[in-house]
Amino acid sequence: GDAVHLREIFGRMGCTDKEIVALSGAHSVGRCRKERSGYDGAWTDDPQKFDNSYFKKLIEVHQAGKAAEGQLMLPSDLALMDDPVFAAQVRIYAESEETFSADFAAAFSKLQEFGMETTGVQDLARKLLKELLAEKKCGPILIRLSWHDAGTWNASDKTGGAHACMRHQTGEAGFAANNGLDIARGLLQPICDQVKGKMTVADLWSLAAVVAVESMGGPVVPWRPGRRDAEPGEAVAEGRHPKAEGDAVHLREIFGRMGCTDKEIVALSGAHSVGRCRKERSGYDGAWTDDPQKFDNSYFKKLIEVHQAGKAAEGQLMLPSDLALMDDPVFAAQVRIYAESEETFSADFAAAFSKLQEFGMETTGVQDLARKLLKELLAEKKCGPILIRLSWHDAGTWNASDKTGGAHACMRHQTGEAGFAANNGLDIARGLLQPICDQVKGKMTVADLWSLAAVVAVESMGGPVVPWRPGRRDAEPGEAVAEGRHPKAEGDAVHLR
């Protein structure tokens, strides 16, 4: 096969060439079995480890002309190397696991949302937030609002956290560290009014920061709802936020109280790539970077530059707490890593910021129960690859032009898609998940559970955190699509597109 088939199949779903290659990287785990597909063998040396080894192995097999004994590359895999556009992307991923992880997470999240209705409160909130950000260019202050809301967390006594306590006029709203955040609250109030009763204020503030990061070119931050709004009496005492004059000891004290590692401290400091200090609020004035509306790794480059020069350029600044990162050997080493690799910074920031934003969240919801049960299943059965394949083949029926197919768990019916040749063996995956389906019945759709199972599987095998949200409906038997929408093992690159 060649590239014709690949572009045909993935193009029907609305995938780009880069997404085709990124999604092909799921072959880093699992194996083919002769009784299911006619092929036998694993793509990589460790079929339970999710990394970029598939791309390295693909290049190796392409150059050698054959796979090693016990391993394989399908014609549709090798088709990636026969197409110059695909081959160039394969080499990028073979060289950088961070780049692959970030691109796979985004592409797999997109795949898993094929066919999702976009009428929920989260979609409305995202739409309104994007409009606000486009009009007001207020991303930095929305990030600061969420940061200062969640950053009161104390992991030892479980107080503080992302509970929108600043919405009350007393308590945290009056902290010196929160000067000026009344502006952010005011900007968000009209959206709060529109989603009142359907989304907590704490969830909206948190989501606003996530959308702000993305809108300024930053990474997709994994996000889920579930934050409750605090009462006035739950305000914590002042002094839990980092001080501008703080040294490395102070930073570890403040972030350590929340449960953050050294790497997370440096990653979260990278939020200073956007925004600026204002004298009337903090006593300091200036921006950290040349473009305070662009979320990238320029803060770390600028920090190294200022540290070496001994001062910041006119109109810019580095706080004592920023420079403290360069005075500590562990922090400084991480700063240099992020200055050299925006991909590494983006991945680490997304994970750290997602963790920060969940400080204080109760973990009693159905999603948390499902994640717990899925982790236990994966640890016991080592079934990650087949759970990924189940979700992939469920969502991969999507046709973007007529809006049919998609992630609707149509395979749960005994007729139709369950009998497709491409889905041979997936009854095993469905059987493994059925006890969990039974436990969350009525609270989570089967389609959402299958999708979440794949996300947890990727993470459990060392892969990236894939952004995920609920909202998939379960299809009726009559909604099954015709056979032939999945990639063929013999497919060429045009077929994939």
Side-chain angles (χ1 to χ4, degrees), residues 143-168 170-179 181 184 202-203 205-206 209-210 213 221-224 226-272 275 277 281-282 284 299 303 319-335 338 345 348-363 368 465:
I143 294 171
R144 181 173 165 240
L145 175 66
S146 174
W147 210 124
H148 281 225
D149 181 35
T152 58
W153 177 245
N154 187 323
S156 61
D157 64 12
K158 311 300 182 187
T159 57
H163 295 315
C165 210
M166 264 186 279
R167 75 190 192 285
H168 304 297
T170 56
E172 295 178 22
F175 290 176
N178 294 333
N179 284 347
L181 288 178
D203 271 346
W205 288 6
S206 170
V210 164
V213 169
V221 176
W223 187 88
R224 56 180 176 158
R227 298 157 193 80
R228 65 176 181 83
D229 291 336
E231 299 300 320
E234 293 182 81
V236 303
E238 193 162 7
R240 292 195 178 187
H241 296 106
K243 294 178 181 177
E245 299 78 19
D247 58 13
V249 174
H250 170 75
L251 292 177
R252 286 194 173 94
E253 177 186 326
I254 292 291
F255 285 87
R257 185 203 69 233
M258 298 184 233
C260 292
T261 65
D262 282 357
K263 184 167 78 169
E264 290 168 339
I265 293 172
V266 182
L268 290 170
S269 298
H272 282 172
C277 286
R281 299 177 192 169
S282 64
Y284 293 90
Y299 163 76
L303 178 55
L319 301 172
S321 56
D322 295 307
L323 293 168
L325 296 177
M326 295 304 297
D327 295 330
D328 180 275
V330 177
F331 287 156
Q334 196 64 47
V335 167
Y338 292 154
F345 164 59
D348 289 354
F349 177 85
F353 197 56
S354 180
K355 174 180 173 177
L356 171 78
Q357 289 204 315
E358 295 195 357
F359 286 152
M361 271 181 70
E362 286 75 11
T363 56
D368 299 285
V465 175

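The backbone N or O of Glu172 lies less than 3.5 Å from a partner atom in the side chain of Asn178, making a donor-acceptor pair. In this structure, the side chain of His148 does not engage the main chain of His241 through any donor-acceptor pair within 3.5 Å. Counting only distance, with no hydrogens or angles, the side chain of Ser206 and the backbone of Gln357 share no donor-acceptor pair below 3.5 Å. Put simply, the side chain of Thr152 gets close to the backbone of Gly161: a donor and an acceptor are under 3.5 Å apart. Between the Ser269 side chain and the Ile265 main chain, a donor and an acceptor come within less than 3.5 Å of each other. With Lys355 contributing its side chain and Gly259 its backbone, the two residues share a donor-acceptor pair below 3.5 Å.
Atom CG of Leu356 and atom CD of Glu264 lie 9.5 Å apart (nearest 0.5 Å). Here the straight-line distance linking atom CD of Glu253 with atom CZ of Arg240 works out to 12.0 Å at 0.5 Å rounding. Atom NE2 in His163 sits 11.0 Å away from atom CG in Asp203 (nearest 0.5 Å). Here Arg257 contributes atom CZ and Thr159 contributes atom OG1; the two are 8.0 Å apart, rounded to the nearest 0.5 Å. The structure places CD of Glu358 at 4.0 Å from CZ of Arg224, a figure rounded to the nearest 0.5 Å. Rounding to the nearest 0.5 Å places CG of Asp149 at 10.0 Å from CG of Leu181.
Within the 4.5 Å cutoff, side-chain heavy atoms of Phe359 are placed close to those of Cys260. Between Asn154 and Val236, the closest side-chain pair of non-hydrogen atoms is not below 4.5 Å. You'll find the side chain of Asp262 stays beyond 4.5 Å of the side chain of Gln334, heavy atoms only.
Aromatic ring pairs are classed by plane angle as parallel below 30°, tilted from 30° to 60° and perpendicular above 60°; the pair His272 and Tyr299 is perpendicular. Ring planes of Trp147 and Phe255: perpendicular class, angle over 60° (limits at 30 and 60°). Classified by interplanar angle (parallel below 30°, tilted 30° to 60°, perpendicular above 60°), the ring pair Phe349/Phe353 is parallel.
Stacking of Arg252 on the aromatic ring of Phe331 is recorded, both the 6.0 Å distance cut-off and the 45° axial limit being met.
Residues that satisfy the side chain to side chain contact (heavy atoms under 4.5 Å, CB included) test with Glu234, not counting sequence neighbours, are Arg228, Ala230, Glu231.
The nearest pair of heavy atoms linking Ser321 to Leu251 is O-CD1, 3.7 Å. Between Leu319 and Ala244, the shortest heavy-atom distance links the atoms CB-O, 3.9 Å. Taking both residues in full, the closest heavy atoms of Ala352 and Ala267 are given as CB-CB, 4.4 Å, listed atom of the first, atom of the second, then distance. Contact detail for Ala235 and Gly171: the closest heavy-atom pair is CB-CA, 4.1 Å. The heavy-atom pair separating Ala202 from Asp229 by the smallest distance is N-OD1, 2.8 Å. The minimum heavy-atom distance between Ser146 and Ala209, with the atom names listed, is CB-CB, 3.4 Å.
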Please test Trp205 against Arg227 for side chain to side chain contact (heavy atoms under 4.5 Å, CB included), starting from the C-alpha separation and ending with a verdict. CA-CA 10 Å; Trp205 288 6; Arg227 298 157 193 80; over 6 Å; no

Derivation and outcome, side chain to side chain contact (heavy atoms under 4.5 Å, CB included), residues Leu145 and Met166: CA-CA 9 Å; Leu145 175 66; Met166 264 186 279; 3.9 Å; yes

